[in-house]
Every structure is written in structure tokens, then in C-alpha cells.
Amino acid sequence: MREYRWHGWTVQIVKKKVKNANFRIRPEEPGILHLSIPYSMTYDEAGKLLEQPRILRWVQKYEKKLREQPPALEERREESAEHFSVYKARLMELLPDMFRRWEAALGVRCRKVTIRDTRSQWGSCSIRTGNISISVWLGAYPESCIEYVVVHELAHLLEAGHNERFYGILDRHYPAWRSCREQLKNGRPQASEPE
């Protein structure tokens, strides 16, 4: 890993098994810009990517969003930390039945399901191992959104990429996926308040 300062940000560059360079800012680490690059790319080449105007615009847009909504983000973090165990318990209750039902509907089988404290994505699927990981924070959302993530990750066992075939599988099996995705993107849970 290589780390340095850039326009007031800490940039962490990590070489991974990826096809293209990926930029990510995690809400829980607002001052760090994560950059994953293919093994074939040099750190100097990665540094040049940061100087592209579109990357600078993307970072500036994110900074503006943080300036406009810091109290809401902080409140959400506090609320999330307070209800962590409630969300996990809710998912542990809902997920087994959802996975059983959707594995049968899609004709696939995942090897293992884990609930993790991840904030950068709602779920992930390892095609190689057949393991699926679900973010504990998904427990704050309605069952329809949780179910959408389950279907989304299981669909990756049929189609690895986010392409026309993948979205066709979602359209066929879970037509409400777009509204669920929108709700998750907006970051506004509407599940009933944990007691």
C-alpha cells in the first residue's frame, strides 16, 4: 500500500485483483480517498489518475455534500451505533427464510451467509466461493429492501457482472428492485424504529 496527501485528502493506494482503478470514499472515513488499482499498474500511474479533472470534480462534489449535510450524517451514525445489535438480530431472524425461498426460486445455492459491519456496500457475493455477505446496517430498512439485496447477491451466482442479463434476472424475479435500490441509495431507512 502507498499513502500520501493530495488536496487535503489522505490517499491510500492498494494493489488488488481488479481490472480497472476504483475510487472510494467511505462514510466512516471521510478524510481518506481509497484507490484500488490492478497489479499491472504502477503507483505513479495511479497518482496521475488523481489529476484527471473528472476525479477532482467527483471529490469536490463529495466534499460539498458533506458540508451541506454533516448533522444528518452524524445523527445517522449515532442512531446506527445505538441500534447495531437490534439490526443484527432482525437480519438473523429474516435472512434464513429469505435465502431459502430465493435460492429455490433462482435455482442457486450459496455456501455461506455472513452479517458484517460494512458501510461501503449493502451486500457482496464471492462467485469463487459462493459466500454472501450482508451489511448489518441493512437491518434498519424495510423487509422489501433486505429482500432486494438477497435477490441481488444471489443473482450474481447466475451472472457475475452488472449487465443486461443480470438486470433481466432482477426484472423477472423482483420487479420492485429499482425502488428498493433508490431507497438504499438515499440512505433513509423506513423500517419501524427498534424498541
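None of these values were measured; they are calculated from a predicted model.
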Can you name the nearest heavy-atom pair linking [X] to [Y], along with the distance?
X: C180; Y: Y174; answer: SG-CE2, 4.1 Å
X: L106; Y: A155; answer: CD1-N, 4.2 Å
X: F166; Y: G161; answer: CB-O, 3.1 Å
X: K17; Y: Y39; answer: N-CE1, 3.6 Å
X: Q12; Y: E3; answer: NE2-OE1, 3.0 Å
X: E153; Y: C125; answer: OE1-N, 3.3 Å

Identify whether [X] and [Y] are in the same connected component of the hydrophobic contact network (ILVMFWY, side-chain heavy atoms under 4.5 Å).
X: W122; Y: M92; value: yes
X: V151; Y: I127; value: no
X: L49; Y: V18; value: no
X: V14; Y: I25; value: no

Side chains of [X] and [Y]: closer than 4.5 Å at any heavy-atom pair?
X: L184; Y: R181; result: no
X: R2; Y: D44; result: yes
X: I55; Y: Q52; result: yes
X: R57; Y: R54; result: yes
X: N131; Y: C110; result: no
X: I146; Y: I134; result: no
X: W137; Y: T118; result: no
X: L50; Y: L33; result: yes

Between the side chains of [X] and [Y], does any donor sit under 3.5 Å from an acceptor?
X: T10; Y: R5; result: yes
X: R116; Y: T114; result: yes
X: E147; Y: W102; result: yes

W6 vs E51, side chain to side chain donor-acceptor pair (under 3.5 Å): CA-CA, chis, key distance, verdict: CA-CA 10 Å; W6 173 80; E51 297 309 322; 2.9 Å; yes
Residues which pass ring pair (Phe, Tyr, Trp, His ring centres under 6.0 Å) with F99, listed by chain and number, not counting sequence neighbours: none
Residues that Y43 engages under ring pair (Phe, Tyr, Trp, His ring centres under 6.0 Å), provided they are two or more places apart: none
Determine whether the aromatic ring centres of residues [Y] and [X] are separated by less than 6.0 angstrom.
X: Y167; Y: W177; value: yes
X: H34; Y: F23; value: no
X: H152; Y: H173; value: no

Ionic contact status for R101 with D97, cut-off 4.0 Å: yes
